[in-house]
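Every chain is numbered from 1 and lettered A, B, ... according to where its sequence line falls, protein lines coming before strand lines.
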Amino acid sequence: MSFRIMWSNQTFPPTLIMSSITLRVEFGGGLELLFSNIKQHKLTLPSIVPSNNGTKLNGEVLSGGETKPADVEYLMHHLRDNLLQERPELFMEDNTVRPGILVLINDTDWELEGEGEYALKDNDEVVFISTLHGG
Amino acid sequence: MAPKICALCQNAKAILKRPKTGQQICKDCFFYVFETEVHNTINEAKLFSRGDRVAIGASGGKDSTVLAYVLKTLNERYDYGLNLFLLSIDEGITGYRDDSLETVKRNQQQYSMPLKILSYDELYGWTMDRIVSQIGKKNNCTFCGVFRRQALDRGAALLNVDHIVTGHNADDIAETVLMNIMRGDIARLGRCTSIVTQGEDTIKRSKPFKYAYEKEIVMYAYFKKLDYFSTECIYSPDAYRGHARTFLKDLEAARPSAIIDIIHSGEAFEIREEIRANQKAQQTCTRCGYMSSNDLCKACTLLEGLERGMAASGITDRARKKLDAEGPAPDNIRTIPFFQPPSGHPLVAVETTA
Ligand code: SF4
Ligand SMILES: [Zn+2]
Ligand SMILES: [Zn+2]
């Protein structure tokens with residue numbers, strides 16, 4: 001079973017909800033242009049993910065490889081691999097966001113929250129804002 | 001992770017780590033220190049006098065939107081006694097400037113400030129769309145920059161303002177320092193860090209955000225929910241500037257104080273007397289009356305090239321010679337209306353190398 005982005009509030013069957021978290025993700029400052037020009041996204045992630053941030057999830061990887069609780073670093077990989085439409089290098093560089101992109105976790109600068117290592121909780125909101133566009 | 005407490009009020013939850021100081025502060029303290037630092041910059045550089053008419057160069061982007069909001073706030077809080085205006089230049093770029101001007105029009109309502117929009121089309125008879133269709137996407141930013149500079153001055157003259165403020169922030173200035181170093185442009189290096197410029201221009205210009213980090217400007221806009229426009233110009237990028245910006249952001253990621261450090265390095269460059277002496281004296285353009293260091297100002301030179309179908313003549317000496325060889329400019333080409341500086345200002349400004 002692979003996890004899919006949920007575009008509506010429709011829920012998965014109860015047996016699958018157990019191990020997933022729902023997040024709100026917002027893009028701003030022009031970054032939304034890389035994501036189909038949609039600013040607000042609602043998505044569901046498994047609560048346990050591969051430590052290597054592999055986003056091609058299947059049962060084997062999860063049972064076999066090393067895992068960790070879903071964190072912001074994983075979220076970035078997920079967004080890049082599943083939602084981003086063009087020019088991934090404008091979003092990520094070396095396992096983190098490209099310098100010049102600000103990240104807020106529940107309206108707090110991610111630098112105060114452990115950056116990529118922040119472990120996501122159900123209903124968290126993560127905002128990515130580019131500072132590189134336009135004066 | 002336990003919430004961090006604000007280093008300033010020791011009370012509320014910190015929401016931001018300041019790039020300048022590393023301090024962790026709460027939302028209210030952030031608004032307060034950000035605004036107060038801009039106020040201090042304005043005071044220390046004595047940017048304004050009571051009764052000044054000040055135009056904010058407004059693009060609809062984050063910097064000028066935050067600048068308009070903060071200046072309005074400070075003008076009320078500290079009773080500066082300024083008359084504030086929004087001045088926008090419409091370069092004529094479909095899908096970019098037309099949308100961002102909608103943002104400026106909303107800002108006009110939100111901040112209740114008079115707005116003047118001046119277009120390249122009405123001033124020069126050319127939109128950027130048409131310029132690019134003639135010259136392609138090379139050198140278009142040279143045309144655009146020269147035209148914008150003069151358009152801002154002319155818009156300011158129409159509004160009869162004493163002063164134009166622009167949203168250039170610390171990151172922009174550091175980036176310009178880097179670019180001038182890489183190009184070996186020492187004359188500009190001295191000028192680009194100064195907070196006030198009143199050289200080639202008739203109208204005083206200043207940068208109240210000279211010491212404001214881009215990160216804080218964007219965070220300020222985010223937390224205040226300010227309405228700004230953020231799309232890249234369709235004729236960008238100026239690749240060179242793009243590299244300088246990426247390099248700067250990498251430096252900042254490694255050490256946030258890099259931005260202020262680079263500005264300070266730029267400030268430390270003194271222009272030696274003999275170099276200064278070589279800079280040409282200012283005069284006025286014989287064709288349009290705008291400030292110029294030659295008979296023709298840069299805008300008139302570029303416009304003549306466009307009109308005569310030899311746009312490169314404003315860019316390279318070789319193309320210029322070719323144009324000159326074809327004889328003087330015909331009488332029927334489009335020229336820029338004669339420049340009327342606002343009353344009370346000398347027609348020729350004194351070159352001050354700050
Ligand atoms: S990127 Fe170039 S063409 Fe576009 S607005 Fe800026 S200067 Fe003008
Ligand atoms: Zn506080
Ligand atoms: Zn001229």
K.L.:
Taking atom CD of Glu117(A) as the centre, report whether more than 12 heavy atoms of other residues, nucleotides or ligands fall under 6.0 Å from it.
P.N.:
no

K.L.:
Show your working on side-chain contact (heavy atoms from CB on, under 4.5 Å) between Leu104(A) and Phe223(B) and close with a plain yes or no.
P.N.:
CA-CA 11 Å; Leu104(A) 293 113; Phe223(B) 286 119; 3.5 Å; yes

K.L.:
Could you tell me which portion of Lys13(B) (side chain, backbone, both or neither) has an atom closer than 4.5 angstrom to a non-hydrogen atom of chain A?
P.N.:
side chain

K.L.:
How many angstroms lie between CD1 in Ile15(B) and CD1 in Ile105(A), if you round to the nearest 0.5 Å?
P.N.:
13.5 Å

K.L.:
For the residue pair Ser230(B) and Gly29(A), what are the closest heavy atoms and their distance?
P.N.:
OG-C, 3.2 Å

K.L.:
With rounding to the nearest 0.5 angstrom, report the CD1 to CE distance, Ile129(A) to Met219(B).
P.N.:
6.5 Å

K.L.:
From Leu112(A) CG over to Lys17(B) NZ, what is the distance, rounded to the nearest 0.5 angstrom?
P.N.:
7.5 Å

K.L.:
Checking salt bridge (charged side-chain N to carboxylate O under 4.0 Å, His left out) for the pair Arg18(B)/Glu111(A): CA distance, chi angles, key distance, verdict?
P.N.:
CA-CA 10 Å; Arg18(B) 300 201 72 192; Glu111(A) 293 184 40; over 6 Å; no

K.L.:
Heavy-atom distances under 4.5 Å only: say whether Thr246(B) touches chain A with side chain, backbone, both or neither.
P.N.:
side chain

K.L.:
Distance check, rounded to the nearest 0.5 Å: Asp107(A) atom CG versus Tyr222(B) atom OH?
P.N.:
3.5 Å

K.L.:
With rounding to the nearest 0.5 angstrom, report the CG to OG1 distance, Asp171(B) to Thr131(A).
P.N.:
7.0 Å

K.L.:
Find the distance between CD (Glu214(B)) and CG (Leu102(A)) and round it off to the nearest 0.5 Å.
P.N.:
8.5 Å

K.L.:
May I ask you to test the Lys4(B)-Thr108(A) pair for a side-chain heavy-atom distance under 4.5 Å?
P.N.:
no

